[in-house]
Every structure is written in structure tokens, then in C-alpha cells.
2 protein chains.
Amino acid sequence: MELVRNTISRYVQFTEPQWQQVLSVWRERPFAKGEVITAAGDVEHWFSIVKEGTQRLFFEHDGNEACIGFSYGESWSGIFDSFVQQRPSRFVLQAVSPSVLVSVRHDDLQRLYERIPAMERFGRLILEELVVGRATREIEQLTLSAQQRYDRLMARSPQLMQLVAQKDIASYLGMSPETLSRLRAKK
Amino acid sequence: MELVRNTISRYVQFTEPQWQQVLSVWRERPFAKGEVITAAGDVEHWFSIVKEGTQRLFFEHDGNEACIGFSYGESWSGIFDSFVQQRPSRFVLQAVSPSVLVSVRHDDLQRLYERIPAMERFGRLILEELVVGRATREIEQLTLSAQQRYDRLMARSPQLMQLVAQKDIASYLGMSPETLSRLRAKK
DNA sequence: TTAGCCGCTTGACCTGCATCAAGAAAGTTC
DNA sequence: GAACTTTCTTGATGCAGGTCAAGCGGCTAA
């Protein structure tokens with residue numbers, strides 16, 4: 001549980017007895033390569049920190065997939081809108097490589113919110129991060145060309161090309177796999 | 001301050017002394033038609049409830065504007081990513097019609113967060129709404145054609161056509177004004 | 001090792017929407 | 001209410017990037 005403690009303590013501090021309560025409800029969940037972690041139509045019960053592996057979040061529509069995001073390193077993972085509303089997910093979360101998530105259940109998190117005011121703050125701070133991240137992505141999708149979006153992603157997360165299939169990156173960038181392939185070929 | 005009390009009480013409840021504290025920091029801010037409420041490069045100091053009028057949020061890039069959202073009715077208004085980070089805004093918030101916002105300053109809100117745990121919860125719940133709304137918009141931008149996006153908007157917010165310029169709606173839907181005009185013309 | 005899949009590349013073609021342009025309509029200002 | 005500005009419409013043209021198709025190369029599994 002060192003991972004959880006280190007990660008959370010970047011946001012809020014607890015007393016030692018509070019830490020015991022907080023840490024006690026997290027558990028490790030392993031997933032095989034390709035395994036669906038949360039399916040479309042299911043309610044997302046978990047909020048997770050990535051311990052190992054890479055995951056992708058995507059939306060399925062008439063046979064196509066639109067990739068919305070990736071999680072890896074020590075980032076957050078989960079289907080956040082389904083999680084906060086506790087309503088069926090429109091997205092799929094899938095392990096791209098063998099993965100271990102360290103996760104807390106929605107109901108356990110609500111109990112922590114009730115008991116520990118600083119936990120409520122943690123929830124708020126995480127959501128603030130998500131809002132900022134989404135705003136940035138929206139600007140980039142709206143104002144940059146395919147080429148510029150690719151350049152921007154490579155500048156920010158070059159390691160992503162090694163972690164996930166090129167077609168998923170293409171989808172994430174809002175272009176066809178062929179277009180991304182051609183962008184990479186020239187120059 | 002009835003508006004503020006009614007709006008907030010849809011999310012959390014306070015004791016009467018807490019309500020006094022909470023309500024005391026909100027103030028009305030009037031804006032003329034066309035007035036810029038928060039400019040790009042400025043830090044957004046306010047989180048607001050719309051009392052009157054319509055506002056638009058947009059991003060400027062090499063002479064063009066990309067409209068990101070509107071606020072009207074009794075919705076929230078403000079530049080949320082700049083507000084939560086207290087960093088310069090990439091967006092502009094502008095009054096489309098004569099407007100009155102009822103607003104709380106960032107530092108006053110932080111003080112309320114410190115003093116009233118239920119206020120922290122209010123902040124969290126608002127952010128949850130924002131995250132869900134952004135996820136829905138992202139799905140629609142990614143998976144629907146120009147025609148479908150227009151139909152969807154008309155089904156959900158038909159009154160918007162009366163409130164703002166057609167070119168801003170076009171921009172919000174991610175298409176040129178000419179394309180929207182043609183969509184509306186046919187059938 | 002080999003057979004079978006995917007995923008990646010490359011080429012040819014196509015199309016939805018942007019851009020440019022110009023006139024009509026509507027809104028704003030004094 | 002006349003002059004000006006801005007927005008909306010409609011037509012003509014262009015192009016970025018999508019779609020279809022075929023060959024290749026590299027994992028995966030028995």
C-alpha cells in the first residue's frame with residue numbers, strides 16, 4: 001500500500017489513524033493482456049491507481065472504436081463519469097498489457113468521504129485535475145490539424161508509441177490509422 | 001441571495017449559521033451586452049451562477065474563435081479550469097446579452113472549504129457534473145456527423161438558437177457557419 | 001517451426017466539409 | 001430612419017483526410 005500512500009499524500013495529509021482507515025479499503029486487482037476491466041453497460045465500481053501495465057478507455061459505435069484515453073505509469077484509471085454517477089458506462093476499459101490496478105470501491109470511498117473531511121478534499125482535487133485535462137484535450141482537438149495533434153502528443157508522451165497499438169493512438173488523435181501512418185512516414 | 005440558496009441546496013444542506021457564512025460571500029455582477037467577463041490571459045477569480053442573460057466561452061486561435069460552451073438559465077458560469085488552478089485562462093468568457101452573474105471569489109470559496117466540510121462536498125459534486133458533461137460532449141464530437149450533432153443539440157436545447165448567434169452555435173458544433181446554414185436549409 | 005492473425009504501410013480514389021465570394025437580411029448607432 | 005456593421009444565405013471550388021484494397025511483416029500459439 002506504499003503506492004497508495006505516496007500517491008494520495010501528494011494531495012492531502014491524514015493523521016495516522018485516518019491513514020489506517022484510508023489504506024485498509026484499497027486492494028490490488030490483476031488483469032491479463034487484453035482483458036476487459038469494465039465493460040460498456042456495467043457500472044464502474046472502482047477508482048484505481050495504475051501499479052503496472054497500460055490500459056485504454058474507448059467508446060464503441062457501430063463496429064468502430066473511438067479511443068478516449070490511456071492510463072499507465074502511476075496515473076489514475078477507471079471510467080470516471082460512470083463511477084461518480086454510479087450509472088452504466090458508455091465506455092470500455094481494457095488492459096492493453098498485463099496490468100495491476102490498486103483500487104477502491106465506490107461505496108468504501110463514500111464512507112471515507114463521510115468520516116474524513118480531508119478525503120472529500122482529495123476527491124475534489126482529483127476531479128479538478130480531470131477537468132483541467134479535459135479542457136486541454138478539447139482545445140487541441142478543436143484547433144489543431146492532424147499533423148499538429150500528432151506532434152503535440154509525441155512531444156508530451158513519446159513513450160506512448162511503445163505502449164499501445166498505433167491504431168489506438170490514431171483513434172485517440174481523431175484520425176484513421178492510415179492517416180497516422182502517412183504522417184509518421186513523411187520527413 | 002435566494003437564487004444562491006436554492007441552487008446550492010440542491011446539492012448539500014447547511015445549518016442556518018453556516019448558510020449565513022456561505023451566502024455572505026456571494027455578490028451580483030452585471031455585464032453589458034458584448035462585454036468581456038474574463039479575458040484570455042487573466043486568472044478567473046469567480047465562480048458564478050447565471051441570474052440573467054446568456055454567456056459564451058470561447059478559445060481564440062490565429063484570428064478564429066472556437067466556441068466551447070454557453071451558460072444561461074440558472075446554470076453555472078465561469079472558466080473552470082483557470083478557476084481551480086488559479087492560472088491564466090486560455091479562454092474568453094463574454095456576455096452575449098445583458099447579464100447578471102451571482103459570484104463567489106476563489107479565495108472566499110477556499111475559506112468556506114476550510115470552515116465547512118459540507119462545502120467541500122459541494123465543490124466535489126459540481127466538479128463531478130462537469131466531468132460527466134465533458135465526457136458526453138466528447139463522445140458526441142467524436143462519433144456523430146455534423147448533421148447528427150446539430151439534431152442532437154436541437155433536441156436537447158432548442159432555445160439556444162434564440163439566445164446566441166448562429167455562427168457561435170456552428171463553432172460550438174465544430175463546423176463552419178456555412179455548413180450549419182446549409183444543414184438548416186435542407187428539409 | 002510453421003500457420004494464421006492482426007496491425008502496419010502504401011496506393012488509388014472519393015467525399016464531407018472548409019474556404020472564398022457576393023448579395024440579402026437583420027441588427028446597431030447616432 | 002438612414003448609414004453602417006454584422007450575420008446569414010447560397011453558389012462555386014478545393015482539399016484534408018476518410019475509405020477501400022492489396023501486400024507485407026511480426027506476434028502468437030500449438
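Keep in mind that what you see is a predicted model, and the values were worked out from it rather than measured. Here is the naming used below: chain letters follow the sequence lines, and residue numbers restart at 1 for every chain. Only heavy atoms go into these numbers, but all of them, side chains included; no hydrogens, no water, no symmetry mates.
Atom-to-atom, CG of A:L163 to C1' of C:dG7 comes out at 17 Å; the value is rounded to the nearest Å. Rounding to whole angstrom units, CD1 of residue A:I169 and P of C:dC8 are separated by 9 Å. Going from atom CG of A:D168 over to atom P of C:dC6 covers 14 Å, rounded to whole Å. Rounded to whole Å, the distance from CD on B:E65 to C1' on D:dT7 is 13 Å. When the P atom of C:dT9 is taken as reference, atom CG of A:L180 falls 8 Å away, rounded to whole Å. To the nearest angstrom, C1' of C:dG7 lies 13 Å from CZ of A:R184. Look at CD on A:Q141: it is 16 Å from C1' on D:dA16, rounded to the nearest Å. Protein atom CG of A:L142 is 15 Å distant from nucleotide atom C1' of C:dC17, rounded to whole Å.
At the heavy-atom level, B:G174 lies under 4.0 Å from the strands shown only through sugar-phosphate atoms.
Ring centers of B:F70 and B:Y172: under 6.0 Å apart, within the cut-off. Residues B:W76 and B:F47 place their aromatic rings such that the two centres sit under 6.0 Å apart.
Judged purely by atom type and a 3.5 angstrom limit, B:Q141 has no side-chain atom pairing as donor or acceptor with the backbone of B:E138. Distance alone, capped at 3.5 Å, places no donor-acceptor pair between the B:S99 side chain and the B:G53 backbone. Under a 3.5 Å cut-off, the side chain of B:S103 and the backbone N or O of B:I49 do not form any donor-acceptor pair.
Side-chain contact check for A:Q55 and A:S71: at least one donor-acceptor pair (N or O, by modelled atom type) lies under 3.5 Å. No side-chain donor from either of A:S82 and A:R90 sits under 3.5 Å from a side-chain acceptor of the other.
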**Asked** Reading nucleotides 22-30 of chain C from the 5' end, what letters show protein touch, with B for base, S for backbone sugar-phosphate only, - for no heavy atom under 4.0 Å?
**Response** ------S--

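Side-chain nitrogen and oxygen atoms of A:Q166 include at least one within less than 4.0 Å of the OP1 or OP2 phosphate oxygen of C:dT9.
Checking C:dT10, D:dT10, C:dC8 against every side-chain atom of A:A185, the shortest atom distance belongs to C:dT10.
The number of heavy atoms from other shown groups lying within 6.0 Å of CZ (A:R87) does not exceed 12. Atom CZ of B:R111 has more than 12 heavy atoms from other residues, nucleotides or ligands within 6.0 Å.
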Could you go over nucleotides 19-21 of chain D and give all protein N or O partners under 3.5 Å, atom names and distances?
unit_1	atom_1	unit_2	atom_2	d
D:dT19	O4	A:R182	NH2	3.1
D:dC20	N4	A:E178	OE2	3.1

